[in-house]
Number of protein chains: 2
Amino acid sequence: MLAAVRPDLRARVVDAALDLFSGQGYFNTSVHEIVRAAGVSIGSIYHHFGDKEGIARALHAHLGGRMAQMVEDAVARHDTCREQSRELVARLFAMTEAEPRTMAFLFYARHREFLPDEPPVCSSRPFVLLRELVERGMARGEVRRLDVLVASSSLFGGAFRMIASRLDGIVPEPLPVYLDEVWGCGWRAVAADIPQPSRRRKSA
Amino acid sequence: MLAAVRPDLRARVVDAALDLFSGQGYFNTSVHEIVRAAGVSIGSIYHHFGDKEGIARALHAHLGGRMAQMVEDAVARHDTCREQSRELVARLFAMTEAEPRTMAFLFYARHREFLPDEPPVCSSRPFVLLRELVERGMARGEVRRLDVLVASSSLFGGAFRMIASRLDGIVPEPLPVYLDEVWGCGWRAVAADIPQPSRRRKSA
DNA sequence: GTCTATATCATGATAGAC
DNA sequence: GTCTATCATGATATAGAC
C-alpha cells in the first residue's frame, strides 16, 4: 500500500514551498528542494500542480484568501474607520509575529516575476478593502477629504514599513509593542478631528 | 581595430541590465539577453563583471550612490526637518517620473535574493540618512518624541506606498500632483506642532 | 496517486583566437 | 579588451512501472 492516497500531500507541498520561497526566494528554490523538504516524490508534485508555477499559484491563492478573510473579519467587528483601521494594524502586526513566512510571501515577494498572470498586489482584494474602508471613513466625516489612494497610503503606509523592517530584522521588539505609536501616527495623518495630546497653545 | 577599448562598454551593459532587471526581474533575465540588448559580446561581460551577480552589484552600487547623493543634497539645502522631508519627497516623486526603472530597481527589487552579501535595503546609507534626519527633528522639537523607526516609517511610509503604487500602474496622475497631500499627511503624523486647517473648536 | 529513472534544454560560465 | 564557439551544470518536466 505504498501508493495510497495522501490527502495532506498538497498541504505538505504548499507548506514546504512557503518555507523555501519566503526564505530564499522562488527562483533560488528548485523543485527538487521542495521534494526533499515536503517528503514527497517529484512525480506527485507534477501530478497535482502541473508545473512549478502551479505550486506558487496554489500558495498565493491560499494565503491571499486567508488574508482577505482576516481583513473582512477585522472590518466587520467595528463601525468606525478609526476602530477598524486600528484593529487591522493590530492583526497585521500579530500575524507578522505569528507567521513571518506568510507575511514575507504576501507583502514582500515580487509575485509579478513568477506569476505573470496574477494582478498586481495593490489590486488584490485585501487592498481594495482597505481603500473602501477609507472611503467610508470619508463619507462619515472621520477622515479628511483627500485622494483615496493618498489617504489609504498614509493611513497604513507607516505600518507596512514597520512590517517590512521587522521582517528585515531591523526592528528589535515584537511589532505589537509599537502598535499604539504606529497606528496613532497613521490616524493623525488622515483624521479629520485631530487628538490634541500635549499641544501648548501658542496664540489663540 | 575591432578589438579597441570601448570606454562606454560598462555603462552600456549596466544600462541594459537596469532595463531588463526592472522590467522582468533578475532571474528572468539571462546573460545572453543582456548581451543582445547592450550590443556587446558575452566575453566582454565576463571580462568586466566576473559573473552575472557582478553586473547586478555594479548596477546596485551605481544607483545606490546616486540615491545617497540626492538625499544628502536635499537635506543640505534646508535647516528644518519639515523642509528637508518635503524636499526629499518632492525629489523622490520627481525621480519616479523621470527614471521609473531606477526607482523600481532600488525600491522594489528583492536584492537579497540575488545579492546575498548586500546589507538589507533599510540598512543602506539613504535609509540611515532618513533616520538621522528624523532624529535631528526630534532634538529640535519639531517632531514628537517617538521611537525613531516608527517616526521615520510614519513620515515617509505614505510616500513610499505611493511610489510603489505608481510603479504598479495604480496611480493615474504623475506623483508630483499628490505631493502636497502626501507630504502633508506624513508631516501631520509626526509633527509636534500640528497645523490646524479647519478644526472646529469643541470645548476649550 | 505515487513513485523512480530519465529526457531535454536553457543557462551561467570558459577557452582561446585576434 | 573584445570576440565567437563551446562546454558543463543543473533545472524543469516527462515516461512509465507499480
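- Contacts between residues 44-60 of chain A and DNA chain D, defined by a heavy-atom separation under 4.0 Å, are made by A:Y46, A:D51, A:K52.
- Here B:R188 does not pair with B:D193 in a salt bridge; the nearest charged N to carboxylate O distance is not below 4.0 Å.
- Residue pairs meeting the ring pair (Phe, Tyr, Trp, His ring centres under 6.0 Å) criterion with at least one partner in residues 94-119 of chain B, sequence neighbours excluded, are B:Y26-B:F114, B:H60-B:H111, B:F105-B:H111, B:F107-B:F160, B:H111-B:F114.
- Side chains of B:L149 and A:P172 form a contact here, defined as non-hydrogen atoms less than 4.5 Å apart.
- Taking atom NE2 of A:H32 as the reference point, atom P of C:dC3 lies 14 Å away to the nearest angstrom.
- Counting heavy atoms from C-beta on, the side chains of A:R161 and B:R161 never come closer than 4.5 Å.
- Applying the ring pair (Phe, Tyr, Trp, His ring centres under 6.0 Å) test to pairs two or more places apart or on separate chains, none has a residue in residues 64-89 of chain B.
- A:R12 places its CZ atom 17 Å from the P atom of C:dG1, with the value rounded to the nearest Å.
- Non-hydrogen atoms lying under 4.0 Å from DNA chain D are contributed by nothing in residues 13-30 of chain B.
- In this structure, A:R10 places its CZ atom 15 Å from C1' of C:dT2, rounding to the nearest Å.
- Within residues 35-43 of chain B, the residues having any heavy atom closer than 4.0 Å to DNA chain D are, in order of number, B:V40, B:S41, B:I42, B:G43.
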Identify all side-chain donor-acceptor contacts of residues 62-69 of chain A below 3.5 Å with residues at least two apart in sequence or on another chain.
residue, atom, partner, partner atom, Å
A:R66, NH1, A:E99, OE1, 3.0
A:R66, NH2, A:E99, OE1, 3.3
A:R66, NH2, A:E99, OE2, 2.6
A:Q69, NE2, A:D73, OD1, 3.2

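- Between B:F114 atom CZ and C:dT11 atom P the separation is 18 Å, expressed in whole Å.
- Remark: B:R110 is not positioned above the aromatic ring of A:F27, lacking an NZ or CZ atom under 6.0 angstrom from the ring centre and at most 45 degrees off the axis.
- Using a 4.5 Å cut-off on side-chain heavy atoms (C-beta onward), A:V190 and A:R144 make no contact.
- Checking A:W187 against A:S85 by side-chain atom types alone, no donor-acceptor pair falls below 3.5 Å.
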| task | List the steps, then state whether side-chain contact (heavy atoms from CB on, under 4.5 Å) holds for A:V71 with A:L92. | result | CA-CA 9 Å; A:V71 175; A:L92 289 170; 5.8 Å; no

